[in-house]
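Here's the structure we're looking at; comments come further down.
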2 protein chains.
Amino acid sequence: MAKPNSPITEHLAYLLAQANREINRQLELRLSKEGVPVEQWRILKVLSDGNGHSMGELADAVLLNHPTLTKMIDRMVSDTLVYRVQDPNDRRKVLMFISDRGKVLSRKLNSLAVDQEEHILESYGDKSTSELKRLLESLIDSSN
Amino acid sequence: MAKPNSPITEHLAYLLAQANREINRQLELRLSKEGVPVEQWRILKVLSDGNGHSMGELADAVLLNHPTLTKMIDRMVSDTLVYRVQDPNDRRKVLMFISDRGKVLSRKLNSLAVDQEEHILESYGDKSTSELKRLLESLIDSSN
DNA sequence: TTGAAAATATTGAATATTCAAGAATTGAAG
DNA sequence: CTTCAATTCTTGAATATTCAATATTTTCAA
């Protein structure tokens with residue numbers, strides 16, 4: 001008899017993909033109330049520290065590659081949620097800033113995202129959630 | 001003083017996305033040795049139980065939506081890795097089967113995927129890995 | 001048994017993402 | 001200095017994904 005292969009559901013890569021897909025779907029659903037994709041929430045959240053962030057830095061932070069980010073930022077500039085400023089210290093760089101309109105939207109989105117986190121805390125539990133976060137952080141660390 | 005918002009890196013949704021992206025990137029890298037995207041590995045793995053699986057069932061299992069799966073299967077049929085059979089019991093359905101060529105490839109891919117899991121076990125630890133898997137499974141459960 | 005609603009899969013058009021190449025600027029070695 | 005390599009961002013073409021509509025088959029109520 002040949003040994004049966006372990007099912008795909010036992011692979012860490014698969015479990016991560018599945019969990020990510022599900023949580024992302026839920027978040028998407030909430031943010032759709034404001035007609036905004038998850039990536040734009042991330043961008044606004046990162047920029048809402050009020051500082052300028054270069055495109056490269058942003059791309060890393062929001063988990064998008066450069067061309068995709070450029071095109072998404074183009075849309076957000078059209079919607080006057082963010083704006084570009086050439087970095088005076090290094091003119092290869094572009095610094096992104098959040099606009100007032102962006103700040104207003106960002107607050108609304110944050111509250112929707114917080115709703116979701118609270119919903120997860122309820123159904124999944126306080127302890128499991130913080131333990132899961134801890135493990136994910138350390139997995140990410142150990143991968144660099 | 002306004003209370004600063006929690007950074008995005010504290011959101012479960014973000015940590016999941018980040019971890020998933022990283023692990024997926026590593027897996028992608030290994031599978032690229034055989035020139036196969038992660039989704040095809042998943043498809044072959046699910047089908048390698050030798051049974052027929054309908055498109056809907058497959059789409060759920062491999063985390064793709066229907067049209068995307070249809071088009072990916074089209075490619076895999078061209079590559080003679082899988083084939084379609086109309087379900088005799090319900091002719092709305094199409095049953096997917098893995099071919100012999102698909103089985104050979106699937107074995108190679110599995111060994112690459114297992115390599116990765118072992119690499120994670122080494123750098124991240126046995127205990128953390130199994131604990132993380134457990135928590136992910138229960139998060140997925142609690143989301144349904 | 002018929003006809004309307006539901007389920008399943010695919011298609012084509014609209015969008016979005018990615019890859020490879022390009023433009024601009026900086027860094028740094030000779 | 002000058003020039004060549006590296007860095008940063010954007011663009012355009014090639015691919016891939018998604019949404020909405022369609023075709024087919026089944027289910028089930030009247």
Side-chain angles (χ1 to χ4, degrees), chain A residues 17-18 20-22 24-29 31-32 35-43 46-47 51-79 81-97, chain B residues 17-18 20-22 24-29 31-32 35-43 46-47 51-79 81-97:
Chain A
Q18 197 182 1
N20 178 51
R21 186 180 162 90
E22 178 58 27
N24 205 57
R25 199 189 54 74
Q26 290 174 17
L27 181 56
E28 215 164 49
L29 198 65
L31 299 186
S32 72
V36 171
V38 174
E39 289 78 13
Q40 290 198 16
W41 166 64
R42 290 196 199 128
I43 292 171
V46 169
L47 294 186
N51 299 325
H53 295 261
S54 76
M55 291 296 281
E57 197 188 328
L58 246 193
D60 280 353
V62 304
L63 315 176
L64 291 176
N65 48 20
H66 288 218
T68 307
L69 178 64
T70 293
K71 285 156 191 172
M72 183 160 288
I73 288 287
D74 285 347
R75 276 168 258 158
M76 294 175 78
V77 168
S78 299
D79 296 341
L81 296 171
V82 299
Y83 56 94
R84 292 177 161 97
V85 174
Q86 173 139 267
D87 185 337
N89 296 117
D90 183 342
R91 283 154 57 216
R92 289 170 302 183
K93 294 186 183 175
V94 172
L95 297 181
M96 297 306 311
F97 289 90
Chain B
Q18 196 183 0
N20 178 52
R21 187 179 162 89
E22 177 59 26
N24 206 58
R25 198 190 55 73
Q26 289 174 17
L27 181 55
E28 214 164 50
L29 198 66
L31 299 187
S32 71
V36 171
V38 175
E39 289 77 13
Q40 291 198 15
W41 166 64
R42 290 196 199 128
I43 292 171
V46 169
L47 294 186
N51 300 324
H53 294 260
S54 75
M55 292 296 280
E57 197 189 328
L58 246 193
D60 281 353
V62 304
L63 315 176
L64 290 176
N65 48 21
H66 288 219
T68 307
L69 178 63
T70 292
K71 284 156 191 172
M72 183 160 286
I73 289 288
D74 286 348
R75 273 168 261 157
M76 294 176 78
V77 169
S78 300
D79 295 343
L81 296 171
V82 298
Y83 56 93
R84 290 177 162 98
V85 174
Q86 174 140 266
D87 185 337
N89 297 118
D90 183 342
R91 283 153 57 219
R92 289 170 303 183
K93 295 186 183 172
V94 171
L95 297 180
M96 298 305 313
F97 288 90

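Letters A, B, ... are given to chains in the order of the sequence lines, protein chains preceding strands, and every chain is numbered from 1. Hydrogens, waters and symmetry mates are skipped; everything else that's a heavy atom, side chains included, is used.
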Requested in this report: Apply side chain to side chain contact (heavy atoms under 4.5 Å, CB included) to A/Met76 and A/Val36, showing your working.
Outcome: CA-CA 10 Å; A/Met76 294 175 78; A/Val36 171; over 6 Å; no

Query raised in the report: Between B/His66 and B/Met55, does a side chain to side chain contact (heavy atoms under 4.5 Å, CB included) hold up when you go through it step by step?
Result: CA-CA 7 Å; B/His66 288 219; B/Met55 292 296 280; 5.6 Å; no

Requested in this report: Please report the closest heavy-atom contact between A/Met96 and A/Val82, naming both atoms and the distance.
Outcome: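 Nearest heavy atoms, A/Met96 then A/Val82: CE-CG2, 3.8 Å.
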
Query raised in the report: Given the rule in the side chain to side chain contact (heavy atoms under 4.5 Å, CB included) test, do A/Leu58 and A/Ile73 qualify, once you have shown the distances and angles that lead to the verdict?
Result: CA-CA 10 Å; A/Leu58 246 193; A/Ile73 288 287; 4.2 Å; yes

Query raised in the report: Does anything in residues 51-62 of chain B reach DNA chain D, meaning a heavy atom under 4.0 Å, and if so which residues?
Result: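 Of all residues in residues 51-62 of chain B, none places a heavy atom under 4.0 Å from DNA chain D.
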
Requested in this report: Please identify each residue that fulfils side chain to side chain donor-acceptor pair (under 3.5 Å) with B/Glu39, with sequence neighbours left out.
Outcome: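 Partners of B/Glu39 under the side chain to side chain donor-acceptor pair (under 3.5 Å) test: none.
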
Query raised in the report: Residues in side chain to side chain donor-acceptor pair (under 3.5 Å) with B/Ser32, at least two apart?
Result: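 Applying side chain to side chain donor-acceptor pair (under 3.5 Å) to B/Ser32 gives none.
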
Tabulate atom names and distances for all N/O pairs under 3.5 angstrom spanning the protein and nucleotides 12-16 of chain D.
from: D/dG12; atom 1: O6; to: A/Lys71; atom 2: NZ; distance (Å): 2.8

Query raised in the report: Which one of B/Val46, B/Ile43, B/Leu95 satisfies the side chain to side chain contact (heavy atoms under 4.5 Å, CB included) criterion with B/His53?
Result: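 The residue from B/Val46, B/Ile43, B/Leu95 that satisfies side chain to side chain contact (heavy atoms under 4.5 Å, CB included) with B/His53 turns out to be B/Val46.
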
Requested in this report: Please lay out, stage by stage, how A/Met72 and A/Gln40 fare under the test side chain to side chain contact (heavy atoms under 4.5 Å, CB included).
Outcome: CA-CA 8 Å; A/Met72 183 160 288; A/Gln40 290 198 16; 3.9 Å; yes

Query raised in the report: Would you say the side chains of B/Gln18 and B/Glu22 form a donor-acceptor pair under 3.5 Å?
Result: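 B/Gln18 vs B/Glu22: no donor-acceptor pair found between side chains.
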
Query raised in the report: Do B/Arg42 side-chain atoms and B/Val62 backbone N/O form a donor-acceptor pair below 3.5 Å?
Result: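 Confirmed, B/Arg42 side chain pairs with B/Val62 backbone.
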
Produce the list of close N/O pairs, under 3.5 Å, pairing protein atoms with atoms of nucleotides 2-4 of chain D; give distances to one decimal.
none

Report each atom pair, protein N/O against N/O of nucleotides 25-27 of chain C, whose distance is under 3.5 angstrom.
from: C/dT25; atom 1: OP1; to: A/Arg91; atom 2: NH2; distance (Å): 3.4
from: C/dT26; atom 1: OP1; to: A/Arg91; atom 2: N; distance (Å): 3.1

